[in-house]
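Notes to accompany the following structure.
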Amino acid sequence: MPELISTGMALAFVWLFGSAAWHKFSALDWYAGLLQSWGVERIPMRPAIRAVAAVELMVALGLLLPQLRNVALLLAALLLLAYAVMMALQLARGKASLRCGCAGPASAVSISPSLVMRNLLCAGVAILASIPGAAMAWSPGSASASLLLGVFLVIVYAATERMIGNAQHFTE
């Protein structure tokens, strides 16, 4: 994987995991209620949500450091896979009306096969981005290209989230 592309992918994941951590830290009670609606009741909710948010924040920060990037990308893939499995289990139980929580309390998106597939795809992208590539000499142009790729991927992610939400709204 060329380093310029890998860096752009990592920057998109910085946004994804940074915003996920922010949502959880700023709405602990909402996420506690969400987990209860998912049937998670045997753990102390607020500490568990803080722990998940802290891991997401560590992933986001680790992605910014070249020496930690590959580990952070693999951890990002594991988190995305875990979230996909959790959603798939709820769907298998027939609970498709549960809210996702992916974009925080303001989002009304419910879990769906589309969200499971999106998370699996994002996990694959994280794994792909972790494959070492040839080092390159950084310049303002290559740094700008990586940043633009990261912004583009964030826009694609946000647009996908919106399309899934719209499709759910129109099929109600």
remark   = Rounded to the nearest 0.5 Å, the CE atom of M87 sits from the CG atom of L91 at a distance of 8.0 Å

request  = Return the minimal non-hydrogen interatomic distance between E56 and A21, and the atom names on each side.
outcome  = OE1-N, 3.3 Å

task = For W15, look at atom CH2 and say whether over 12 heavy atoms of other residues, nucleotides or ligands are found less than 6.0 Å away.
result = yes

task = Please confirm whether the backbone N or O of L34 pairs with a side-chain atom of S37, one donor and one acceptor, at under 3.5 Å?
result = yes

inquiry  = Using the rule that Ile, Leu, Val, Met, Phe, Trp and Tyr join whenever any side-chain heavy atoms are under 4.5 Å apart, tell me whether F152 and L63 fall into a single cluster.
reply    = yes

query = Would you find a donor on one side and an acceptor on the other, under 3.5 Å apart, between the side chain of S19 and the backbone of L16?
reply = yes

task = Check the hydrophobic clustering (I, L, V, M, F, W, Y; side-chain heavy atoms under 4.5 Å; chains of links allowed) and say if L74 and L68 are grouped together.
result = no

message = Hydrogens and angles aside, do R46 and Y31 bring a side-chain donor and acceptor to less than 3.5 Å of each other?
response = no

Within residues 42-110 or reaching into it, pairs that qualify as disulfide bond (SG atoms under 2.5 Å apart) - sequence neighbours excluded = C100-C102

message = Using modelled atom types and a 3.5 Å cut-off, is there a donor and acceptor pairing between side-chain atoms of S146 and backbone atoms of T7?
response = no

message = Hydrophobic clustering (ILVMFWY, side-chain heavy atoms < 4.5 Å, transitive) - are F17 and V71 grouped together?
response = no

inquiry  = Assigning hydrophobic clusters by single linkage (Ile, Leu, Val, Met, Phe, Trp, Tyr; side-chain heavy-atom cutoff under 4.5 Å), is M9 placed with L147?
reply    = yes

query = Any sub-3.5 Å donor-acceptor pair from S6's side-chain atoms to A129's backbone N or O?
reply = yes

Linked, directly or transitively: V52 and L78 (ILVMFWY side chains, under 4.5 Å) = no

request  = Could you tell me the separation between the CG atom of L28 and the NZ atom of K24, rounded to the nearest 0.5 Å?
outcome  = 10.5 Å

ask   = Can any side-chain N or O of R99 pair as donor or acceptor with the backbone N or O of S110 at less than 3.5 Å?
value = no

Partners meeting side-chain contact (heavy atoms from CB on, under 4.5 Å) with V109 (sequence neighbours left out) = S107, L115, E161, I164, Q168

key: Sequence-distant partners of W38, ring pair (Phe, Tyr, Trp, His ring centres under 6.0 Å), two or more places apart   = none

